[in-house]
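Everything numeric in this text was worked out from a predicted model, so none of it was measured. Reckoned from all heavy atoms, side chains included, excluding hydrogens, waters and symmetry mates.
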There are 2 protein chains.
Amino acid sequence: MSEREIYALDVSSLILNRLSLYLRCLRALQEEGIHRVSSQQLADQFQLSAPLIRKDFAQFGEFGIRGTGYDIGHLIERLQSALGLDQQHPLLVVGMGRLGTALARYLGFNDATFRVVAVLDNDPAKVGQEVGDLTIRHTEEIEEIVRELGVEIGVLTVPADAAQAVYDGLVDAGVQAVLNFAPVRLQLRPGLPSKSVDFRTHLEELAYLLLSKEG
Amino acid sequence: MSEREIYALDVSSLILNRLSLYLRCLRALQEEGIHRVSSQQLADQFQLSAPLIRKDFAQFGEFGIRGTGYDIGHLIERLQSALGLDQQHPLLVVGMGRLGTALARYLGFNDATFRVVAVLDNDPAKVGQEVGDLTIRHTEEIEEIVRELGVEIGVLTVPADAAQAVYDGLVDAGVQAVLNFAPVRLQLRPGLPSKSVDFRTHLEELAYLLLSKEG
DNA sequence: CCATGTGAACAAATTCACAGCA
DNA sequence: TGCTGTGAATTTGTTCACATGG
């Protein structure tokens with residue numbers, strides 16, 4: 001039976017983010033030709049506790065070897081499968097300003113899991129221009145693009161005042177998840193996964209931490 | 001008396017991020033000429049609970065009016081002061097690739113609190129080029145740039161394999177906080193505030209959520 | 001032995017329920 | 001009366017301590 005249905009339960013955002021972190025590290029270790037790792041070794045890397053890491057893994061079953069640690073190849077495989085990273089997720093980026101252009105190239109580069117399959121803008125002057133090996137298409141075409149290319153995830157890099165309308169357009173066109181870079185709080189569709197990345201929030205957090213440091 | 005010393009205690013990252021979110025919303029309401037808001041109204045906006053929002057505010061003192069709500073202007077002022085957003089924080093961006101260039105323009109644009117005062121790259125071909133109204137300088141000059149311009153926050157947008165070295169260089173040069181966009185886990189200096197933004201982690205979280213939705 | 005996996009203890013974050021003040 | 005501010009209860013997340021098995 002497929003583990004996917006069993007394990008695709010409510011795993012918290014905190015755990016998911018750590019798993020993603022572990023995965024990056026595990027892939028790097030694998031590149032270096034290392035085959036085994038213990039939760040303690042990972043804990044040292046990440047300044048986390050070893051039991052926490054074991055509990056995170058345990059969300060998706062038992063796949064360590066007692067007394068030995070984890071087989072890196074096996075661990076990567078299981079985690080990737082549990083997170084749905086063993087399938088391709090076609091992305092689409094709307095808003096080919098500087099940030100959108102940079103992200104389109106950055107996110108789609110040389111990756112088996114996430115691949116940018118379309119880039120859109122509503123500026124006729126931009127439509128037809130090339131970004132990497134893709135041609136910018138008009139935002140109005142969004143519905144057929146999503147259908148044709150099986151787009152799963154929409155990336156929003158439009159100005160703040162256009163973000164809500166484009167978000168709605170993405171969802172109506174059949175996109176199943178949204179990653180938003182526009183600095184606004186979107187009115188989200190219930191049940192539709194989405195995340196916002198807000199640079200200003202990160203800077204403001206740092207500003208506060210600076211303050212505390214100086215006293 | 002200065003509230004700063006009193007309030008600059010350990011406020012959790014979760015609370016800080018929400019405060020930043022509230023602030024954005026409050027500024028928008030202020031723009032619209034609205035003067036008062038209740039915790040319930042904010043809660044509806046953010047799909048959070050009203051007591052949570054009140055507790056968040058309460059970290060920094062009492063400044064609501066019972067039976068009425070909060071005076072938006074006053075609230076903004078107090079929160080900004082509590083977070084250290086009433087002073088300028090000079091930024092420096094290292095790594096003028098596509099992402100770095102986009103971020104330098106994005107972060108420094110028209111803002112009283114965060115201002116990009118220098119952009120750096122180690123590629124001699126890029127040094128001397130213009131990004132907005134700044135000229136790219138060589139990464140080697142980092143120490144004098146930080147000193148001359150009073151840089152507080154360093155933004156890292158260099159490739160993953162250079163990130164640790166540039167991070168160390170930033171810290172040695174006297175930068176007091178770092179915002180990292182390179183997809184690596186940095187070995188951080190204890191006591192020096194830093195945040196990492198990892199686009200892949202966000203995408204991987206969405207991938208998992210897609211999986212759960214489909215079951 | 002050694003490191004995993006996990007129930008029990010602990011800590012942190014959030015919600016609840018209501019007292020207190022405009 | 002209405003909404004803030006907050007202790008108490010609850011939920012969620014993390015650590016501890018140890019039983020389990022290679």
Counting only side-chain N and O atoms of A:Tyr70, is one of them less than 4.0 Å from OP1 or OP2 of D:dG22? no
Is it the case that the side chains of A:Tyr167 and A:Asn180 hold a donor-acceptor pair, with the cut-off being a distance below 3.5 Å and no angle test? no
So, does A:Ser49 get its side chain near the phosphate of D:dT15, meaning an N or O under 4.0 Å from OP1 or OP2? yes
Going by heavy atoms closer than 4.0 Å, what residues in residues 15-43 of chain A are next to DNA chain C? A:Ser38, A:Ser39
Between atom CZ in B:Phe63 and atom C1' in D:dC3, what is the gap in whole Å? 15 Å
Taking atom CD as the centre, does B:Glu77 end up with more than 12 heavy-atom neighbours from other residues, nucleotides or ligands that are less than 6.0 angstrom away? no
Rounded distance (Å) that lies between atom P of C:dT15 and atom CZ of B:Phe46: 15 Å
side-chain contact (heavy atoms from CB on, under 4.5 Å) test vs B:Leu134 passes for just one of B:Leu92, B:Val93, B:Val116, namely B:Val116
Rounded to the nearest Å, what distance is computed from the CD atom of residue B:Gln59 to the P atom of nucleotide C:dA12? 13 Å
Expressed as a whole number of angstroms, how long is the span from B:Ile53:CD1 to C:dA13:P? 17 Å
How far apart are the C-alpha atoms of A:Arg78 and A:Asp71, what are their side-chain angles, what is the distance that settles it, and do they pass the salt bridge (Lys or Arg N to Asp or Glu O under 4.0 Å) test? CA-CA 11 Å; A:Arg78 294 293 294 270; A:Asp71 178 276; over 6 Å; no
Applying a 4.0 Å non-hydrogen cut-off, can you work out what A:Phe57 is touching in the nucleic acid: base, sugar-phosphate, or nothing? nothing
Residues A:Tyr208, B:Leu19; criterion side chain to side chain contact (heavy atoms under 4.5 Å, CB included); working and verdict: CA-CA 11 Å; A:Tyr208 172 78; B:Leu19 287 169; over 6 Å; no
Under the salt bridge (Lys or Arg N to Asp or Glu O under 4.0 Å) definition, can you give me all pairs with a residue in residues 21-40 of chain B, not counting sequence neighbours? A:Asp198-B:Arg24, A:Glu204-B:Arg27
Please report the C-alpha distance between B:Ser13 and A:Glu205 in whole Å, then the side-chain angles of each, then the deciding distance to 0.1 Å, and finally whether the side chain to side chain donor-acceptor pair (under 3.5 Å) criterion is met. CA-CA 7 Å; B:Ser13 190; A:Glu205 184 178 346; 2.8 Å; yes
Would you check, one step at a time, whether the test ring-ring contact (aromatic ring centres under 6.0 Å, His included) holds for B:Phe114 with B:Tyr106? CA-CA 11 Å; B:Phe114 301 103; B:Tyr106 185 95; over 10 Å; no
Whole-Å distance between C:dA13 C1' and B:Asp10 CG? 14 Å
For A:Gly67 and A:Leu14, take the nucleotide of DNA chain D holding the closest heavy atom to each; which residue's nucleotide lies nearer the 5' end? A:Leu14
What are the atom names and distances for every N/O pair under 3.5 Å that joins the protein to nucleotides 6-8 of chain D?
unit_1	atom_1	unit_2	atom_2	d
D:dT6	OP1	B:Glu62	OE2	3.4
D:dG7	O6	B:Lys55	NZ	2.8
D:dA8	N6	B:Lys55	NZ	3.4

Should A:Ser12 be listed as having a side-chain N or O under 4.0 Å from OP1 or OP2 of D:dG13? yes
Please report, rounded to the nearest Å, how far the C1' atom of C:dA9 is from the CG atom of A:Leu52. 16 Å
A:Ile65 has an atom CD1; how far is it from atom P of C:dG5, in whole Å? 9 Å
When the distance from CG of A:Asp44 to P of C:dA3 is rounded to whole Å, what number comes out? 12 Å
A:Phe63 vs A:Phe57 aromatic rings, parallel, tilted or perpendicular, using cut-offs 30° and 60°? tilted
